[in-house]
Asks: 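The structure's right below; bear with me while I get my questions together.
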Amino acid sequence: MNEEHDPHFETLLGFLHQQRGFDFTGYKRPSLQRRVERRMQMVGIEDFERYVEYLEVHPEEFAQLFNTILINVTAFFRDEPAWEFLRKEVVPQLVGAKGPQEQVRIWSAGCASGQEAYSLAIAFAEALGQEAFRERVKVYGTDADEEALSHARLATYTGKDLETVEPALVKRYFEESNGRFMFRPDLRRAVIFGRHDIVQDAPISRLDLLVCRNTLMYFNAETQANILQRFHFALNGNGDGNKGFLFLGRAEMLLSHANLFAPVDLRCRVFEKVPAPGQRQRAPAVALAEPNELPVIRNGRLRDLALDEGPMAKLVVDMDGNLCAANARARLLFTINPKDIGRALQDLEISYRPLELRSLIEQAYAERRPITRTSVERRFADADSQLLDITVAPLLDEARNALGVGITFLDVTRHAHLAQELQRSREEVQTTTEELQSSNEELETTNEELQSSNEELETTNEELQSTNEELETMNEELQSTNEELQTVNDQLRQRTEESNQLNAFLESVLTGLRSAAIVVNQDLNVLMWNPRAADLWGLRADEVQGRSLLNLDIGLPAGELRTAIRPCLTGERDHHEVALDAVNRRGKKIRCQVTCTPLLSAAKKREGVILLIDELA
């Protein structure tokens, strides 16, 4: 089926390949374009050219786009009947064909978040026993989505994820912690995850089982064929007694790839690798027999007649490169005269037409084995042609010394024509089958997308629930903070009241003093000034608060006052009294007694001086 490609969309795909190495050109355009357009709608972009510009400016968008394109719909033992067939029929065959110490290699291609890989691990652990599983089995899980692989590597799932797993298996293979279930670590080491693109990257080899379910259906027919060739190469089953099995999804039939895989159970989508013709055990090419190997041949004449009557054209060339013998079929086919027997092969047309024989002869001597070239075309003057399979086999004596070579020409023209006709018929059938399969896969893809949308809606619901719980938690935290602030506020109010009471008490004490009380800090700035001081010097407390005592315009001598205060500030004395001549607010000269004591903090640090001034009679 031909698909019309939007050039702007193809430009976007080329940009993704160039910038991030993801080659989406093999994906089916309808479903791929729908997924990309869905992501574009989420960021508010309508055309592909603007989206390319958006990706250039916002590189973090690549991850979101790939997560949208790569639909990760999976579950443990998804499609239970198919898995049941695999566990009961395929796994016992694979295990039974292996020796007690032989390794079992399994590949889960497109494993998404890992459920499929762990399902395989459980199935083989049940068949082999857990100890043998740990020693003999390797399960490789690969995907192109790094975010899904990160989830798979954690091996942790919710109870909902495990609803399709039997409770007994959950108990045996998972450990519960905080409502989540982790695949057992001792068995987890047998499961290896890595990023792999089945379109571009080399496949994992020597596999006994390859599982790739509902992944091929996203690719077009050409890409599917390339992937299946890689899968065929990766699997065991080359006619050596081992078998290689392929397990696909419901939409993947492989009706057009019977030369690669034969169905084991088509309903369950389980297939077995068909060995390639070149991999089957091939019988050695027939060489001219020695007399002791054919006792029925009694003399040379009978041997010559037997050679002449053979259906294939045969030549014999000795070690010196001379033509020793040519049967009747060869003489007729290549126009060889009896006088040509004994001549150097290089002097005859047959040595280079239809194929250069001398290089093949040298290779046969060097490798001591038959060398074959298939479907060699021989053209005639009337534009007709002939196809030949040519085999050059060394003729060895009992000591394996080369005596010469036998050259055999097998006419396969008729077989080739039949094969071409058969191929044309098969291509017609294949085209019809692919169209049907493509329609089926498109329906299956739509179903997958619907299922994915449903799961995304469930995820959105869970995210909303999580957001609601987070808001509720924040509300409780705010309420708790508010209660703490209320408690602190009550404590501050209580302390304020205590402070007010203390201040009122202190004010009462200071007011009741008959002495003028002045408190200064270390810089001699006024901290406290009682009513008696205001009455004596004529300045109110608010007028002197924070001002230097020595700069106040009152009748105290500043120099003598500083001398009296300094010993209490420096720690030289804890008490100092001095009598000074002063002038009160009325301008009357008075004699006053000044008593200095240090102002101490709770830590006994000197923070100022307390001055008590009494007027002497």
Side-chain angles (χ1 to χ4, degrees), residues 238-239 259 275-290 293-294 303-397 400-423:
N238 299 325
N259 60 322
Q279 293 173 323
R280 290 195 180 99
Q281 191 68 27
R282 185 188 293 120
V286 177
L288 294 181
E290 294 292 333
E293 293 175 336
L294 297 174
R303 191 162 54 246
D304 293 341
L305 289 174
L307 179 64
D308 269 349
E309 292 300 322
M312 295 184 294
K314 296 181 181 179
L315 303 177
V316 177
V317 179
D318 63 17
M319 287 292 294
D320 296 326
N322 298 321
L323 180 62
C324 296
N327 69 354
R329 178 66 177 164
R331 293 194 298 272
L332 178 63
L333 190 62
F334 301 112
T335 318
I336 298 176
N337 296 321
K339 66 171 78 176
D340 291 329
I341 304 300
R343 292 180 60 188
L345 181 66
Q346 66 180 9
D347 296 336
L348 302 178
E349 182 182 2
I350 186 61
S351 67
Y352 58 86
R353 186 177 297 160
L355 180 68
E356 174 60 54
L357 293 178
R358 287 169 291 181
S359 61
L360 295 183
I361 293 173
E362 292 176 1
Q363 184 178 354
Y365 282 142
E367 298 180 11
R368 287 292 197 273
R369 66 178 183 84
I371 306 299
T372 301
R373 294 292 182 269
T374 59
S375 300
V376 177
E377 186 177 17
R378 183 187 182 206
R379 292 189 173 276
F380 299 101
D382 57 1
D384 199 1
S385 64
Q386 181 183 34
L387 294 178
L388 301 170
D389 284 353
I390 303 175
T391 300
V392 179
L395 303 176
L396 309 176
D397 61 14
R400 296 193 58 78
N401 295 319
L403 302 177
V405 293
I407 307 172
T408 304
F409 302 84
L410 176 62
D411 188 348
V412 294
T413 306
R414 182 169 175 271
H415 297 84
H417 290 163
L418 290 174
Q420 290 175 357
E421 293 177 3
L422 179 61
Q423 182 64 24

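No experiment lies behind these values; they were computed from the predicted model shown.
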Asks: For Ala366, enumerate each residue passing the side chain to side chain contact (heavy atoms under 4.5 Å, CB included) test, keeping only those at least two apart in sequence or located in another chain.
Replies: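 If we apply the side chain to side chain contact (heavy atoms under 4.5 Å, CB included) test to Ala366, skipping adjacent residues, there are no hits.
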Asks: Just how far is it from atom CE of Met312 to atom CD1 of Ile407, taken to the nearest 0.5 Å?
Replies: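 Between atom CE of Met312 and atom CD1 of Ile407 there are 13.5 Å.
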Asks: Which pair of non-hydrogen atoms, one from Pro354 and one from Arg378, has the smallest distance, and what is that distance?
Replies: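 For Pro354 versus Arg378, the nearest heavy atoms are CB-CB, 3.8 Å.
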Asks: Side chain of Asp318, backbone of Asp320: donor and acceptor closer than 3.5 Å?
Replies: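 Here the side-chain-to-backbone pair exists.
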Asks: Got a sec: does the CZ of Arg414 have more than 12 other heavy atoms crowding it under 6.0 Å?
Replies: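 It does not: Arg414 CZ has 12 such atoms or fewer within range.
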Asks: Are any non-hydrogen side-chain atoms of Asp411 and Phe409 less than 4.5 angstrom apart?
Replies: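 In short, these two side chains do not touch, never coming nearer than 4.5 Å.
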Asks: Looking at Pro394 and Pro370, what are the two nearest heavy atoms and their distance?
Replies: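 In this case the closest contact between Pro394 and Pro370 is CD-N, 3.9 Å.
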Asks: How close do Leu388 and Phe334 get, counting heavy atoms only, and between which atoms?
Replies: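 Minimum heavy-atom contact is CD1-CZ, 4.4 Å.
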Asks: Which value, rounded to the nearest 0.5 Å, describes the distance between Arg379 atom CZ and Arg353 atom CZ?
Replies: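 Answer for the CZ-CZ pair, Arg379 versus Arg353, is 12.5 Å.
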Asks: Just do the side-chain contact (heavy atoms from CB on, under 4.5 Å) check on Leu333 and Gln386 with the steps written out, would you?
Replies: CA-CA 11 Å; Leu333 190 62; Gln386 181 183 34; 3.7 Å; yes
Asks: Does any N or O in the side chain of Thr391 come within less than 3.5 Å of the main-chain N or O of Thr372, such that one atom is a donor and the other an acceptor?
Replies: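 It does not hold such a pair.
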Asks: Between Asp389 and Leu410 (side chain of the first, backbone of the second, donor and acceptor by atom type, cut-off under 3.5 Å), is there such a pair?
Replies: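 Not at all, since once roles are kept as given, no pair shorter than 3.5 Å links the two residues.
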Asks: Rounded to the nearest 0.5 Å, what separates atom OG1 in Thr413 from atom NE2 in His415?
Replies: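 Reported value, rounded in 0.5 Å steps: 10.0 Å.
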Asks: Would you name the heavy atoms of Leu315 and Ala326 that are closest together and state the gap between them?
Replies: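 Heavy atoms of Leu315 and Ala326 come nearest at CD2-CB, 3.4 Å.
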Asks: What's the shortest heavy-atom distance between Lys314 and Ala330, and which atoms?
Replies: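 Closest heavy-atom pair between Lys314 and Ala330: O-CB, 3.5 Å.
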Asks: Could you tell me whether the side chain of Ile390 reaches within less than 4.5 Å of the side chain of Leu357, counting heavy atoms only?
Replies: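 Answer yes - side chains close enough.
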Asks: Output a table of donor-acceptor pairs, distance under 3.5 Å, between side-chain atoms of residues 336-346 and any protein atom two or more places apart or on a different chain; print 'none' if there are none.
Replies:
unit_1 : atom_1 : unit_2 : atom_2 : d
Asp340 : OD1    : Arg343 : NH1    : 2.9
Asp340 : OD2    : Asn337 : N      : 3.0

Asks: Only one of Val405, Leu395, Leu323 passes side chain to side chain contact (heavy atoms under 4.5 Å, CB included) with Val316; say which it is.
Replies: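 Going through the options one by one, the only one that passes is Leu395.
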